[in-house]
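Working notes, beginning with the structure itself.
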Amino acid sequence: MNRGIPLVFVMNQGWNPSVVGGSAPLPPPPPPPPPPPEWDSGTLFREAKALSDSLLSSLEESRVAGIRLAGMVLLALGIEFVILGFFDGGWIGFLSFPLFGLAVIAVSLVYLILPSPVRAFVRRWPWNRWFENPDRKLPLGVSGALRELLRGREAYARMSKELSGRQAAVAIWTLMVVLVGAIAASLLFDKLPFWVALPLVPIVAGVTAASAVFGILRSSPQTQRLSLGPLEVRLANLNRRLYFLEQEFWHRF
Amino acid sequence: MVDPPARPDLLVVARILEALTVSDRRLKRTQLQMAAGINYTQLERYLNLLEARGLVVVSKTKPAGTYVDLTSAGYSAFVFLRKSIEEILGSDL
């Protein structure tokens, strides 16, 4: 019958079976628990912030490209309005069409030529606003990193909405360019001698056709997705991973 | 008794868990509120939620006030969050 190892109480060691007989060596004391890691070191936060910043800056570039596209379509529309104004009969048409066309061109040139005001305009969008506030208290560590990642997810949600709006706007403007271009071409033939109008018509038709093709291409959902390319893939991946993180967390805890 | 949030925000949970972890897993309620940067009502809601899930223990003592302790499950939850974020950052995004 095995009675087991008798326990002996040793001061400062508690009940220890290994000291029976006094010959067995004492086991080494367990290693102390590791010190808590530097949660507030900010390394994780800085990595997350770098990722989020990179995603948001790519998104901003895409948005500026979209505004430039709008400027180009408006420019084509403006040129056509100028032509319409010069060849329309009445004074009202003569004055209003070129003035409107020139105003549109001026606005589009601002978008096309001066990128800094455009960027300043874009930076005032809500999800970038807090980013410019130097007084904010940034939590570092895990929660700070999580907040940075969630900022990327918010950008993804807004980007999806923005793409839909951009598609609709480009489609409408393209339709306008085609209509006004057709009217301008017919007016050229009506008001000018045939041999004068003939070389001008290809120019108008070319601008109209290029705008139409470009606009239609850009307004299709697939092209919009392709134009964002890797950025959307990255944002979608981040979105998916954060979703699974949340699901897993609430499932486990 | 304030009801727990219907759709809890993981970021608020992370703030509470992190504040407790860096403070030796024990804080007074007011200190926790300041450290996590959330208002009183929100803290009440989330403490109810976290206590129901066994992540924290809220103990009320008369002279000393209300203390919030992080349980081992709460610490595990925080470690899980940290590892998950590290995995996301280490992935090919």
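Here is how names work: the chains are called A, B, and so on, in the same order as the sequence lines, proteins then strands, and each is numbered from 1.
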Proximity breakdown for [X] and chain A, heavy-atom pairs closer than 4.5 Å:
X: A73(B); value: backbone
X: V13(B); value: side chain
X: L10(B); value: both
X: I16(B); value: neither

Can you tell me how far the [atom1] atom of [X] sits from the [atom2] atom of [Y], to the nearest 0.5 Å?
X: L146(A); Y: L81(B); atom1: CG; atom2: CG; value: 6.5 Å
X: L89(B); Y: K49(A); atom1: CG; atom2: NZ; value: 13.5 Å
X: E86(B); Y: E47(A); atom1: CD; atom2: CD; value: 8.0 Å
X: R7(B); Y: E246(A); atom1: CZ; atom2: CD; value: 8.5 Å
X: L150(A); Y: D9(B); atom1: CG; atom2: CG; value: 7.0 Å

For [X] and [Y], work out which heavy atoms get closest and say how close.
X: A145(A); Y: I85(B); value: CB-CG2, 3.9 Å
X: L245(A); Y: S84(B); value: CD1-CB, 3.2 Å
X: E18(B); Y: V142(A); value: OE2-N, 2.8 Å

Which of F78(B), F80(B), Y75(B) passes ring-ring contact (aromatic ring centres under 6.0 Å, His included) with F253(A)? It is F80(B)
